[in-house]
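Counting starts at 1 for both ligands and their atoms, following the listed order.
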Amino acid sequence: MSLTDPRRVLEVKRDGGRLGPDELRAFILGYARGEIPDYQASAFLMAAFVNGLDDAETLALTRAMVDSGRTIPLEGVTRPKVDKHSTGGVADGVTLLFAPLAASLGLAVAKLSGRGLGHTGGTLDKLEAIPGFRTDLEPDAFERQVEQIGCAVAAQTADVVPADGALYALRDVTATVPSIPLIAASVMSKKLAVGTDLILLDVKAGSGAFMKTPEDATALAKACAKLATDWGHRTRCAVTDMSQPLGDAIGNALDIQEAVALLRGEMHGRLRDAAVMFAGEALSRLTGVAMGDGRARAARAIDSGDALESFRTMIDAQGGEAAVVDEPEAVLPRAPVITLILAERDGHLTTVDAEALGRASADLGAGRKRKGDPIDPAVGIVFRPKIGDRVESGQPLGSVHARSEEDAETCLIRIAAAITIGEDPVDAPPLVFGWYGD
Ligand code: URA
């Protein structure tokens, strides 16, 4: 259907009415083809933001967005296929662990990823800190690699869900990003364009996340789960804690170093727990093993070194220096200035402004302000304590990795302002607030 007059769509949404799937589809596809101008699409977004979209409209919007570009059916992949996606956080290296871990358990992880933006990191940037690692895989090579070794992480190209790229840029400049149906359609369209058997969505909640409270994150998780059910795609959505950095490393090479240490069994903690939880969930949903068994098998795959070997194989397949899993410090770029972060007083770590730490790391050069900006893979922050931990005055809490002494000093001041150390003990926040979907 082609749209004769886009104003009819705008009138319906302006007046709080419901759009039929055909007119919504024609409007979105018309916009993606360049036939509907930005000013009318902006008016639609604002009306949708103010008056909302119901489940049927959200589904129709998502379908139109997926149909605006090419899809990746992955028909040649015979293993059970899973995609895991996070809504974005700080020190959120779960995908780095999950992809090789799930592959070592016999699953296939076909992951199209994005780059870091603002205070949140991006898996592609982290992997590209490994010398030689390529993320610009052609669709055929991507699919072959997934079939052969069980995992591939590649950049999403502009021809997959192009309507989302255009609409997201417009939402950014028209203050219409924080709308649950618009976010759900945006996130899920990119997942539903890839032919997997299961989508695992990690909706982050807290100071380092897009959604600052578990309640808002739960509303988004429920909307994404409902959308997936209406589409007919198996999806599980977890709401997880982002009231502090998930792992310790906030950077790029630093995150790879941490992932290697975790896969070598040299480190434990919330990042490993999250990866084991998602891999256990995937194994259980896709193969029918009991949830407890799925998690136990995932933990064993790390302890046995199988997941590390899968990581080595994936790095090698994508042109990276695979020796990084043996000697990360020798292979990864290193910042010229490394300064310890010292606790200023005795007490318990009470709060962490994870977004402020993410921004401090980005300003060292680890992140970007605008899409397309270059990043410095070597710099960043390692911040080890978690909320509830007891710390002593003068105790090293981690390190700042910077290009200059001046950058390191500024960053230390920002870190001190981003954390509170209180006298009274506090409980560690839960890792997971809830699971949604079926
Ligand atoms: N991430 C997305 O991909 N889309 C949104 O709208 C928000 C976060």
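For the residue pair Lys204 / Ser86, no side-chain donor-acceptor distance below 3.5 Å is found, with atom types taken as modelled. Between the side chains of Ser186 and Asp164, at least one donor N or O lies within less than 3.5 Å of an accepting N or O.
Classification of the Phe27-Phe44 ring pair by plane angle, with boundaries at 30° and 60°, yields tilted.
Here Arg403 pairs with Asp376 in a salt bridge; the nearest charged N to carboxylate O distance falls below 4.0 Å. Salt-bridge formation is detected for the pair Glu309/Arg312: a Lys NZ or Arg NE/NH1/NH2 atom is positioned less than 4.0 Å from an Asp or Glu carboxylate oxygen. With respect to Arg414 and Asp363, a salt bridge is recorded, a charged nitrogen being found less than 4.0 Å from a carboxylate O.
Residue-level contacts of ligand 1 at the 4.0 Å heavy-atom threshold are Tyr168, Arg171, Ile183, Ser186, Val187, Lys190, Phe210.
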